[in-house]
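Counting starts at 1 for both ligands and their atoms, following the listed order. Since the model is a prediction, treat every value here as computed from it, not as a measurement. The first residue in the sequence is number 1, and the count goes up from there.
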Amino acid sequence: MIGPAYSLFGRGLGDSPLSNVGADYFLVQLPEREMNKFISAFDIPDFAAFLQEAQQVKQTPFAWKTLGLNKTIGLIFMNPSLRTRLSTQKAALNLGMAPMVMNIDKDGWKLASGEGVIMNGDAAEHVKDAVAVMGQYCDIIGVRSFPLLVNREEDYAENIIGDFIRYAGVPVVSLESATRHPLQSAADLITIEQYKTTPRPKIVLTWAPHPRALPQAVPNSFAEWMCAAGADLTIAHPEGYELDPKFTDGAKIVHDQAAAFRNADFIYAKNWSSYHEYGQILCRDRAWMVDQAKMQLTNNAKFMHCLPVRRNVVVEDAVIDGPHSIVIQQAANRVVAAQVVLKRMLEAMV
Ligand code: AN0
Ligand code: CP
């Protein structure tokens with residue numbers, strides 16, 4: 001519902017949803033309409049207004065179909081993607097933009113990075129030059145680059161997206177970086193607002209097993225956005241899977257999954273590898289899979305996952321195919337989230 005009664009986790013429209021993130025943030029905050037990057041929750045200083053815009057975009061997706069006329073977005077992928085690749089193109093097309101997609105890992109030159117590097121190895125081009133050139137062809141650039149999960153300091157320094165911001169000369173959108181996936185989290189926030197039946201629902205982010213070591217980007221980002229929005233967030237995971245505390249300030253952290261599920265309104269499942277024993281798989285206990293028995297403990301909770309998901313490893317078929325699963329609606333909201341972000345960037349250009 002759009003209107004004066006609108007609220008975000010019980011907060012009024014005039015309240016700052018980011019008031020719990022500390023004073024530093026407000027010092028670096030951009031003016032509201034100047035949006036030259038979208039890499040974290042802090043690039044949305046007005047969650048309630050963002051959600052209102054999302055409602056408008058959902059209702060009338062083609063109302064801004066000339067806003068992006070003669071504007072081009074480059075979507076640069078260093079890793080695979082289904083949803084981000086298609087939903088961001090769809091969002092750009094709804095706004096009248098022309099998308100160009102490049103799988104730079106397969107179709108581009110191998111890139112070097114870092115200052116002063118002597119490029120006598122595999123890399124034919126420096127990221128500095130490649131990104132500056134992309135900026136000549138594009139009005140907005142999106143980039144996906146996963147962490148290598150070998151060196152925590154390197155991954156958490158976010159050098160790749162940092163290089164894009166430094167050298168592109170145009171606004172940059174994260175399509176999932178080493179430590180965050182903000183377009184996913186924005187869609188998750190929109191989805192929770194859409195399906196919540198109480199002002200401040202109980203939201204549970206639960207770790208679930210997976211055969212491969214996965215990034216912490218999705219859970220980091222989900223926690224960051226939910227905490228910034230003032231949500232009631234519980235994070236359940238086996239010991240050793242604590243996330244970087246800078247993302248979880250305000251969340252309750254527990255190791256008893258069943259206890260966490262009690263009275264939950266939303267269950268958000270995701271695997272991640274260890275942050276402390278960086279990139280390691282510490283637990284393979286199948287009991288952490290989300291199944292019907294555990295969902296019975298909840299308050300008829302909606303089931304969420306960012307997808308792609310491994311069925312009967314992360315979540316049982318009966319749950320993901322059941323009446324409380326909203327994973328497809330969640331994926332549909334990726335278009336809405338991307339369209340609000342691109343719309344804001346385009347509006348700041350005119
Ligand atoms: C990725 C991850 O966990 O970050 C992408 C999720 C959107 N997932 C996989 O690699 C399976
Ligand atoms: N959820 C998500 O970002 O999916 P893709 O990796 O398929 O883009």
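- Under 4.0 angstrom from ligand 2, the non-hydrogen atoms of L307 all belong to its backbone.
- In summary, the side chains of E158 and T179 do present a donor paired with an acceptor at a separation below 3.5 Å, with no hydrogens or angles considered.
- Summary of contacts: the protein heavy atom closest to atom 7 (O) of ligand 2 is L82 N, 2.6 Å.
- The contact set between ligand 2 and H181, taken as ligand atoms under 4.0 Å from a residue heavy atom, comprises 2 (C), 3 (O).
- Within the structure, ligand 1 lacks T84 among the residues with a heavy atom less than 4.0 angstrom away.
- On a distance-only criterion, P80 and ligand 2 share no N/O pair closer than 3.5 Å.
- Contacts between R144 and ligand 2, counted as non-hydrogen atom pairs separated by less than 4.0 Å, involve the side chain only.
- Distance from atom 2 (C) of ligand 2 to its nearest protein heavy atom, with residue and atom name: R334 NH1, 3.3 Å.
- For atom 1 (C) of ligand 1, the nearest non-hydrogen atom of the protein is F146 CZ, 4.0 Å.
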Q. Would R85 and V101 satisfy side-chain contact (heavy atoms from CB on, under 4.5 Å), going step by step from the backbone distance to the final call?
A. CA-CA 8 Å; R85 173 189 305 268; V101 184; 3.8 Å; yes

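- Residue L307 approaches ligand 1 through these ligand atoms, each under 4.0 Å from one of its heavy atoms: 7 (C).
- Contacts of R212 with ligand 1, taken as heavy-atom pairs under 4.0 Å, are absent altogether.
- Scanning all protein heavy atoms for the shortest distance to atom 4 (O) of ligand 2 gives R83 NE, 2.8 Å.
- R166 and N159 share no donor-acceptor pair across their side chains, judged by distance under 3.5 Å alone.
- Relative ring orientation between F303 and H305 is described as parallel, the plane-to-plane angle staying below 30° on a 0-90° scale split at 30° and 60°.
- Ion pair D317/R311 flagged as a salt bridge, since at least one NZ, NE, NH1 or NH2 atom sits closer than 4.0 Å to an Asp/Glu carboxylate oxygen.
- Set against the non-hydrogen atoms of E176, the atoms of ligand 1 under 4.0 Å away are 2 (C), 4 (O), 5 (C), 6 (C), 7 (C).
- Heavy-atom distances between Q184 and ligand 2 reach below 4.0 Å in at least one pair.
- Close contacts between ligand 1 and L214 involve ligand atoms 3 (O), 9 (C), 10 (O), 11 (C) [criterion: under 4.0 Å to a heavy atom].
- Residues Q216 and S273 bring a donor and an acceptor atom of their side chains to less than 3.5 Å of each other.
- In this structure, P215 has a heavy atom closer than 4.0 Å to ligand 1.
- R180 and S174 share no donor-acceptor pair across their side chains, judged by distance under 3.5 Å alone.
- The aromatic rings of W225 and F47 lie parallel to each other, their planes meeting at an angle below 30°, with 60° marking the opposite boundary.
- A distance of 11.0 Å separates CG of L189 from OG of S221, quoted to the nearest 0.5 Å.
- Distances below 4.0 Å separate heavy atoms of K270 from the following atoms of ligand 1: 2 (C), 3 (O).
- When ring centroids are compared, Y156 and Y275 come within the 6.0 Å threshold.
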